Amino acid sequence: MSSVEEGDLVARVEGAAGIIRLNRPKAINAVTLEMFRDIEKALDRFEADPAVAVIMLEGAGERGLCAGGDIRALWESSKVNGDLGKILWREEYILNARIKKFPKPYVAFMDGIVMGGGVGLSAHASHRVVTDRTKLAMPEVGLGFFPDVGGTYLLSRSPGEIGTFFGLTGQTMNGPDAIHAKFADWVVPAVKLPELREALTEVRPGSTAADVSKLIRDFATGETAGPVAAKESAIDALFGFDRMEDIFAALKRDGSDFALATLKTLNEKSPRGMVVTLKLLRLARTASSLEECLVREYRAANEVFRSDDFREGVRAAVIDKDRNPSWSPPRIEDVTPQMLAPYFAEIGADELKFN
């Protein structure tokens, strides 16, 4: 067993497995720019090593795989017109695309909390394992942002309007709902993860994706749909519109407990964030690749980084924790085409490019 201890990231070989462990348990393994860079280096090493048959992504501690990116650092940079957003998101999105195309089986243990940047490291994997403890969410609209890291690609490929619902509300998925929404592949009880992990370290070099799938399936419960999937017909009727005003109107008209609770949730989100998110989701439906969505997300993310809404959303949720953001503009009706245009404009030399 060779080992490289990297502080916030542990990358080592155990048997036939290249292990990538996010190692900031006190921060629920929130990912920093340095960690993304260390993951890239680990993937370089594991891809080149013929003894490594499978990659395994896991999170340290009991609380979850990853609560997202290091939002506080981004907020501090945004306040001083820094360039952390531009640099971090570029490297992160390129890594997301690499994970999707990685030539060896890449198994993500999506146990506990999996949010934002954690979704980007796991939901593009070839083999995605959730558990009875999984709480997966893309809550970015509550920060004046949108579901990035390829979130628009993933959500736009969920059945019906389930992805629109999860993307706009930031609602949490349990394990079976994550499978229904196409963010994951198998539910494995959390108590069986150590046994599955051990089995994966013992796979033969040259094992195929199908071999790894068969191994995981032996541990899985077979569940494929959770509580949100049960509301799919209602969600399809309420969220099947291309304008936020129409979604709000449909929820008000419907008047059911579910519709009113959803309306209350949406009323807490950034109006600009919701409008940008819905447009990105609709554009993603016709995208031919994850990369196409990431290029669009990168343009929008750079604009978000300059916006008062992002700083205000992070302030209210993470810094002051008063949960009382003052959005600009405050109402959906006040989001103009002129406000929207910069999120979707080409950015010349700064465009996201893949190797």
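For the numbers below, each heavy atom of this structure counts, side chains included, while hydrogens, waters and symmetry mates do not. Because the structure is predicted, anything quoted here is derived from the model rather than measured.
- Judged by the 6.0 Å distance and 45° axis criteria, Lys279 is positioned over the aromatic ring of Phe344.
- If you take CG on Leu22 and CG on Leu9, they are separated by 6.0 Å, rounding to the nearest 0.5 Å.
- When all heavy atoms of Leu294 and Gly150 are compared, the closest pair comes out as CD2-N, 3.3 Å.
- Side chains of Glu297 and Thr152: a donor-acceptor N/O pair is present below 3.5 angstrom, by distance only.
- Considering every non-hydrogen atom in both Val114 and Ser122, the closest pair reads CG1-OG, 3.7 Å.
- Proximity of a side-chain donor or acceptor of Asp8 to a complementary backbone N or O of Met35 within less than 3.5 Å is not detected.
- Between the Ser77 side chain and the Ala73 main chain, no donor and acceptor come within less than 3.5 Å of each other.
- Heavy-atom neighbours of Lys135 NZ from other residues, nucleotides or ligands within 6.0 Å: at or below the threshold of 12.
- A donor-acceptor pair is defined here as one N or O able to donate and one able to accept, closer than 3.5 Å; no such pair exists between the side chain of Arg315 and the backbone of Asp320.
- Side-chain atoms of Asp254 never come within 3.5 Å of backbone atoms of Leu251 as a donor-acceptor pair (strictly under, hydrogens ignored).
- With hydrogens and angles ignored, the 3.5 Å screen pairs a side-chain donor or acceptor of Trp327 with a backbone N or O of Lys269.
- Checked by atom type and distance alone, the side chain of Asn29 pairs as donor or acceptor with a backbone atom of Gly64 at under 3.5 Å.
- Side-chain contact between Leu263 and Lys252 is present, with heavy atoms from C-beta onward closer than 4.5 Å.
- Judged by distance alone, the side chains of Asp111 and Thr131 do bring a donor and an acceptor atom under 3.5 Å apart.
- In this structure, Lys104 contributes its side chain and Phe46 its backbone to a donor-acceptor pair below 3.5 Å.
- When atom types are taken as modelled, the side chain of Thr134 and the backbone of Met110 share a donor-acceptor pair closer than 3.5 angstrom.
- In summary, the side chains of Thr208 and Asp211 do present a donor paired with an acceptor at a separation below 3.5 Å, with no hydrogens or angles considered.
- Between the side chain of Arg128 and the main chain of Ala123, a donor-acceptor pair closer than 3.5 Å is present.
- Taking CG of Leu154 as the reference point, atom NZ of Lys100 lies at 7.5 Å (rounded to 0.5 Å).
- Here Thr164 pairs with Glu161, Arg282 under the side-chain hydrogen bond (donor to acceptor under 3.5 Å, both in side chains) rule; sequence neighbours left out.
- Using bins of under 30°, 30° to 60° and over 60° for the plane-to-plane angle, the ring pair Phe310/Trp89 lands in the perpendicular bin.
- In this pair, Tyr93 and Tyr298 present their aromatic rings perpendicular. The plane angle is above 60°, beyond the 30 to 60° band.
- Screening Asp38, Leu84, Asp70 for a side-chain contact (heavy atoms from CB on, under 4.5 Å) with Leu33, the sole residue that qualifies is Leu84.
- Between the CZ atom in Phe354 and the OG atom in Ser289 there is a gap of 7.5 Å [rounded to 0.5 Å].
- Environment of CG in Asp257: sparse, with no more than 12 heavy atoms of neighbouring residues, nucleotides or ligands closer than 6.0 Å.
- In the model, Ser270 has a side-chain atom that pairs as donor or acceptor with a side-chain atom of Asp309 under 3.5 Å.
- Across all non-hydrogen atoms, the minimal contact from Gly117 to Cys66 is C-SG, 4.4 Å.
- Counting non-hydrogen atoms of other residues, nucleotides and ligands closer than 6.0 Å to NZ of Lys353 gives a total above 12.
- Atoms CG and CG, from Leu95 and Leu43 in turn, are 6.5 Å apart once rounded to the nearest 0.5 Å.
- The line from OG1 of Thr169 to CD1 of Ile235 is 8.0 Å long, rounded to the nearest 0.5 Å.
- No donor-acceptor distance shorter than 3.5 angstrom exists from the side chain of His180 to the backbone of Gly226, with no hydrogens or angles considered.
- Partner of Glu291 under the salt bridge (Lys or Arg N to Asp or Glu O under 4.0 Å) criterion, out of Lys101, Arg296, Arg98: Lys101 alone.
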(request) Decide yes or no on side chain to side chain contact (heavy atoms under 4.5 Å, CB included) for Met244 and Thr277, but give the supporting numbers first. (result) CA-CA 10 Å; Met244 278 310 304; Thr277 295; over 6 Å; no

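- For the atom pair CE (Met115) and CG (Leu65), the distance works out to 12.0 Å, reported to the nearest 0.5 Å.
- The list of ring pair (Phe, Tyr, Trp, His ring centres under 6.0 Å) pairs with a residue in residues 222-254, not counting sequence neighbours, reads Phe165-Phe239.
- In the displayed structure, Glu351 atom CD is contacted under 6.0 Å by more than 12 heavy atoms of other residues, nucleotides or ligands.
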